[in-house]
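Just so it is clear: chains get the letters A, B, ... in the order the sequence lines come, proteins before strands, and each one is counted from 1.
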Number of protein chains: 2
Amino acid sequence: MTTQRRLILASLDALDTHPTAEELHAIAVQQDPSLNLSTVYRTLRWLEQEGLVSTRRFDEPRRQDRFDPMLPSQHHHFICKSCKNVIEFDLPALGDIQQDFEHLHQVRIESASVVFYGLCTACNRQNGPVESEAERELSQRT
Amino acid sequence: MTTQRRLILASLDALDTHPTAEELHAIAVQQDPSLNLSTVYRTLRWLEQEGLVSTRRFDEPRRQDRFDPMLPSQHHHFICKSCKNVIEFDLPALGDIQQDFEHLHQVRIESASVVFYGLCTACNRQNGPVESEAERELSQRT
DNA sequence: ATATTTATTGCAAATCATTTGCAGTAATAC
DNA sequence: GTATTACTGCAAATGATTTGCAATAAATAT
Ligand SMILES: [Mn+2]
Ligand SMILES: [Mn+2]
Ligand SMILES: [Zn+2]
Ligand SMILES: [Zn+2]
């Protein structure tokens, strides 16, 4: 644990968002103006390995990784497709589902990620339902 | 629907894996040697928009997108951290969970992704349990 | 405390998957 | 047929992430 690593982890913990490496760097660099973006990346990957941070790739369009401090309990995410707001939630019911799955398939589950995509309360009103025109292509397929 | 698009979609449907764009191109190019990788990308993005394909980013380490034909029913994935094998499964129980969540948070869920990471039967035996040494850092954090 | 070894950093350059501009083709409309 | 439009191949651009390396800091040994 070096000064930089401590700073990066502290900055991440201080946030209640899921920052990108750049966002995190922008914040941490205020405390240590010489802190480099590659150090942020390296540290985040290290923290990930150590199980203290997890990388989230739930941005719908191709984009940057986001980082999530792995505070004790696992949690899951709802993401508004429109405004990109995130709701975090626990899912106690998942335990049983996982166990069933483990028994059924004879595997060991180490972690689980549940992501819901949709429209948040605010966006739900503004946006009408979305149409898909090529649905009929489905008929061509087995 | 052009010749290329049809070929790409057919190649994807024919596979039972979740190929990367490159893998898919490698296969489709056998039928049409002039097929270009950017056409594969463009087509996959188009299919995604049309709701016929979904992009999966469940490769653990930073890597390529993988593509999954969206045949009628939603399904979910178990991924072996060791051999990267994938088990697909349905999760009927999720419907209720989603509804509960929608009511509780007043949102509309449009899609859901559940991913389990772990060790498959085969890998389970070979690999011992994994240690994390920096767990004690947790105590430093709120 | 000083010298020695080891790990981490900053910086710049490299990497790699994905996207984009554009001129040429194929498809479709008139 | 010609005009209009959409799609493709190719090459170059993009953008996030990673890496090599020399400099710096931390840890360990003397
Ligand atoms: Mn989170
Ligand atoms: Mn699948
Ligand atoms: Zn919203
Ligand atoms: Zn396995």
Write down the distance between [atom1] ([X]) and [atom2] ([N]), rounded to a whole number of angstrom.
X	N	atom1	atom2	answer
Asp65(A)	dA16(D)	CG	P	11 Å
Asp32(B)	dA26(C)	CG	P	12 Å
Leu7(A)	dA25(D)	CG	C1'	16 Å
Arg56(B)	dT18(C)	CZ	P	16 Å
Arg45(A)	dT19(D)	CZ	P	10 Å
Gln64(B)	dA17(C)	CD	C1'	7 Å
Glu22(B)	dC16(C)	CD	P	11 Å
Arg6(A)	dT9(C)	CZ	C1'	15 Å

#### Entry: No-hydrogen, no-angle side-chain donor-acceptor test under 3.5 Å, Thr55(A) and Arg45(A)
yes
### Query
Between the side chains of Asp68(A) and His77(A), does any donor sit under 3.5 Å from an acceptor?
yes
Given [N], is OP1 or OP2 found less than 4.0 Å from the side-chain N or O atoms of [X]?
X	N	result
Gln4(B)	dA26(C)	no
Arg63(B)	dC16(C)	no
Thr20(B)	dA17(C)	no

### Query
Among Val114(B), Asn85(B), Ile87(B), whose side chain to side chain contact (heavy atoms under 4.5 Å, CB included) with Phe78(B) holds?
Ile87(B)
### Message
Can you pull out the residues from residues 35-43 of chain A that lie within a 4.0 Å heavy-atom distance of DNA chain D?
### Response
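Under 4.0 Å from DNA chain D: Ser38(A), Tyr41(A), Arg42(A).
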### Message
Looking at Arg57(B) and Asp65(A), is any side-chain nitrogen of the basic one under 4.0 Å from a carboxylate oxygen of the acidic one?
### Response
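No salt bridge links Asp65(A) with Arg57(B).
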### Centroid-centroid under 6.0 Å between His18(A) and Phe58(A) rings
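Yes, the ring centres sit under 6.0 Å apart.
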### Message
Any side-chain to backbone donor/acceptor pair from Thr43(B) onto Thr39(B)? Under 3.5 Å, distance only.
### Response
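Indeed, once roles are kept as given, a pair shorter than 3.5 Å links the two residues.
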### Query
Between the main-chain N or O of Thr20(A) and the side-chain N or O of Glu23(A), is there a donor-acceptor pair closer than 3.5 Å?
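Yes, the answer is positive, given that a donor and an acceptor are paired below the 3.5 Å cut-off.
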### Summary
Picking from dT9(C), dT18(C), dT8(D), the nucleotide nearest the side-chain atoms of Arg5(B) would be dT8(D)
